Amino acid sequence: MAEHGPVEQVQARDGRLRVFLVDDHAMFRAGVRAELGAHVEVVGEASTVADAVHRIAATGPDVVLLDVHMPDGGGRAVLEAMRRTHPQVKFLALSVSDAAEDVIGLIRAGARGYVTKTISPDELTDAIRRVADGDAVFSPRLAGFVLDAFAARPDTPVADPELDQLTNREREVLRLLARGYAYKEIAKELFISIKTVETHVSNVLRKLQMSNRYELSRWAADRRLV
Amino acid sequence: MTPHPPRLYRAPEHRMAAGVAAGIAEHLGISVVRVRVAFMVLLGLSGLGLLLYAAFWAVVPLRPGDTAVPPRRDIGQLLPFVAIGLGVLLIQVMVFDSVGAAGTAGWLVAIIAVGAGVIWHQSAPERRRQWGESMPVPWLGAVVEESDRRAFVLRFIGGGVLVAVGIIGVAAVYSPAQNFDAVINGVIFALVGLAGVGVVAAPVLWRTWNQLRSEREGRIREQERAELAAMVHDQVLHTLALIQRNASDVKAVQRLARGQERSLRNWLYKPTASPTERFAAALEQAAAEVEDTFAITVEAVVVGDRETDERVGALVAAAREALVNAARHAGVQTVSLYAEVEPDQVSAFVRDRGKGFDPDTVEDHRHGVRGSIVGRMKRHGGRAEIRSSPGEGTEVRLILPISGAGSTTEKDR
C-alpha cells in the first residue's frame, strides 16, 4: 500500500506549514489532503506504523496528523517511536474515536492535541496552526475528560501536588473550554490575555503527560477501562 | 415432631429425594446443606439417618397449595449424596467388623466414595452440564477443568489424601504387617505405577482441555460477530440505504448520519445507563432528541454523574428547553452543552454562537424562557441566567445547589 503514496517533497518550503498524514484509510487521507491543500503543504502520508516512522523521519514535517486506531499498534506506537528521536515534530491526533481512553492515552503519549474527524476544515487548519506554534488544542470533549480525570479528590493525598493537580485557574479555563468558548472568549471572560489562556492550557497538557503511573492506573480503574 | 404453628412440610420445589431436608431447613431457617450433612452424619449411627429420612418422608405431608408439578429430580445433585451416604455406611460397617484384605478394600471404597461425592457436589451445576456436552466421560471434567481457587485446593488435597490412603492400603494388604521395609517398597512401586499412569494419561487430558478451551473461545468470538453483524444490519445498512435515497436532501442526510454516528458511538464506547436513573444519560438522551428533531449537532460534554431525582430532572428539562430554543432561533448547526456534577451543585451550560438576542426585549408572553427555564429552575431551588447579545450568541446557565448525597463524581463510575 505504501508504494502508492505520492512523491514526497522533502525540501520545498514556502512559508506554509508542512503536514504529514498518518491514517490507514486511503479515502480519508485523500479527503483531508483535498481539504487542507490550500492552507498547508501535505508532505507525505503513511498507512502503517512502520511506514509512518520511516517517512516522518525522512520528511521532517512540522505537524503530523495521527490516527488513533490502526492495525499494528496505532497512533500511540508512532508517537512512542518518534518522540525521542524527533522531539521537534508536533503531533495532532485526528481520530473518529472520542472515547476517553483513546483521547487521554494519546495525550499522555505526547500528542499536542486531539480533534475528531467530524471537525470542519477551517477548524482543522486552525488546530494545525496552533499545534505548530506550540499550543495545545483542546476540544470541549477533551476538556471534559481532563476535568473528569482530575476531578477534585480532596480526601486523597497526592504525591506531588505541583505536578498532579490542576490549579483553580486551569480548571476554570478547562470548564470554559468544555462549555464551547474559544480562547479569546475565555480571555475576555476571565480578564486575562489570550497568551495566558494558552499557557494554562499547555500546562494542563503537560500535567496530563507527566502524571505518574499511579494516577493513570487509578484513572483507568475508576472508569473500568482495565 | 411437627410443632404448629407453623407446620413442617416437605418442600417439593427444592427436593433432591423427597424434599424432607429442604422442608426442615426452611422450617428451621438454616441452610439446606447443613440438614443434609446432619442426615449424612446420622447415617453413621447404624444407618439412623436413612431411617429418620424415611420416617420424615412417611409422616410429613407435602406443602398444601403446591399443586404445580415438582421439578424433575436432578440426578447430578442426588448422586454425590448417594455416594457420600454409601461411604458413611461402609465406614460404619467397617468400624465393627473389619478383617483382612476385604476389610481394607471396603475402607478404600468407602473413602473414595465419600471423596468423589464431595468433589462432585462442590462443582457447579452449569459446569457439570458443560462437561456432559463436551466430554466423553462427564466426571472427567471435575478433574480436568480449571476452576476457582477454592475448588482447586479442595480437589488437590482430597485427591492427595485418597491417593495416599490408597497406596498405603495396598501396601499394607499385600505385605506382612511386621515387615516395614516391604511396606516402603510397596509404596515406592505404587508411586512409580501412579507416575506411569500420569505420563500415559497427561497428554490425553491436556489435549481434551485445550480442545475445550479453544471451542469455548470460538463460541464467544462467534457470538460477538453475530451481535455485531446484527447491529450493522439493523442500523448501519438501513441508514446507508436511507441516505442513498435521500441524497439530494442535505438536511435529511446530515440528520441520518448524525443519528447513526451517535448510536454507533454509544454502542462501541459507552456503558449503557438508564436515562431515568442517571443524570448524564438523561442529559445525553435529551441532547439526542434535540439533534434528531432539529437536525443540528449538540456537542454534549458531561463531567461526573449522579442519580436523578425530581430536581435534577427539572434541570435536565430546562437544559432541553434551552437546547430547543438554540436550535430554533439561533440559526446555527452546532450547540454545545456542558454539564458538571459537583459535590454541592449540578450545573449545565447551553451555548450557541448564533444570532443572539437582547434579553430585556423578550416579551412577556414568550413562555419558553420565562416558564420552562427560569421559572422551572426557581421552583426547584436553582437559578437560571441567560446571557445573550445580538450577534454574539447565547449562553444559558443552569445551576442547582444540592446536598452531597447521590453524587458520584469521585467514585463508582
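On a predicted model such as this, the values are computed, not experimentally measured, just so you know. Just so it is clear: chains get the letters A, B, ... in the order the sequence lines come, proteins before strands, and each one is counted from 1.
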Trainee: Could you check whether A:Asp133 pairs with A:Arg129 (Lys NZ or Arg NE/NH1/NH2 to Asp/Glu carboxylate O, under 4.0 Å)?
Mentor: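 Looking at A:Asp133 and A:Arg129, the cut-off is not met.
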Trainee: Measuring heavy-atom distances to chain A, does B:Arg258 have an atom under 4.5 Å in its side chain, in its backbone, in both, or in neither?
Mentor: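 Interface part for B:Arg258: neither.
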Trainee: Can you say whether B:Gln333 sits under 4.5 Å from chain A via the side chain, the backbone, both, or neither, judging by heavy atoms?
Mentor: neither
Trainee: Please name all residues satisfying ring-ring contact (aromatic ring centres under 6.0 Å, His included) with A:His69, sequence neighbours left out, ordered by chain then number.
Mentor: none
Trainee: Looking at A:Leu21, is its backbone amide N or carbonyl O close enough to the side chain of A:Glu45 to form a donor-acceptor pair, meaning the two atoms are under 3.5 Å apart?
Mentor: no
Trainee: Between B:Leu323 and B:Ala287, what is the shortest heavy-atom contact and its length?
Mentor: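 Reported closest heavy-atom pair: CD1-CA, 4.0 Å.
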Trainee: Can you say whether A:Ala143 sits under 4.5 Å from chain B via the side chain, the backbone, both, or neither, judging by heavy atoms?
Mentor: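 Contact with chain B is absent: no heavy atom of A:Ala143 under 4.5 Å.
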Trainee: Do B:Arg306 and B:Val346 have side chains that get closer than 4.5 Å, going by heavy atoms?
Mentor: yes
Trainee: Assess B:Arg351 against B:Tyr338: is NZ or CZ under 6.0 Å from the centre of the six-membered ring, and within 45 degrees of the ring's axis?
Mentor: no
Trainee: Using a strict 4.0 Å threshold on nitrogen-to-oxygen distance, state whether B:Asp305 and B:Arg278 make a salt bridge.
Mentor: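 Result for this pair is yes, salt bridge flagged.
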Trainee: Report, in residue-number order, which members of residues 172-180 of chain A are under 4.5 Å from chain B by heavy-atom distance.
Mentor: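 A:Arg175, A:Ala178, A:Arg179, A:Gly180, listed by number.
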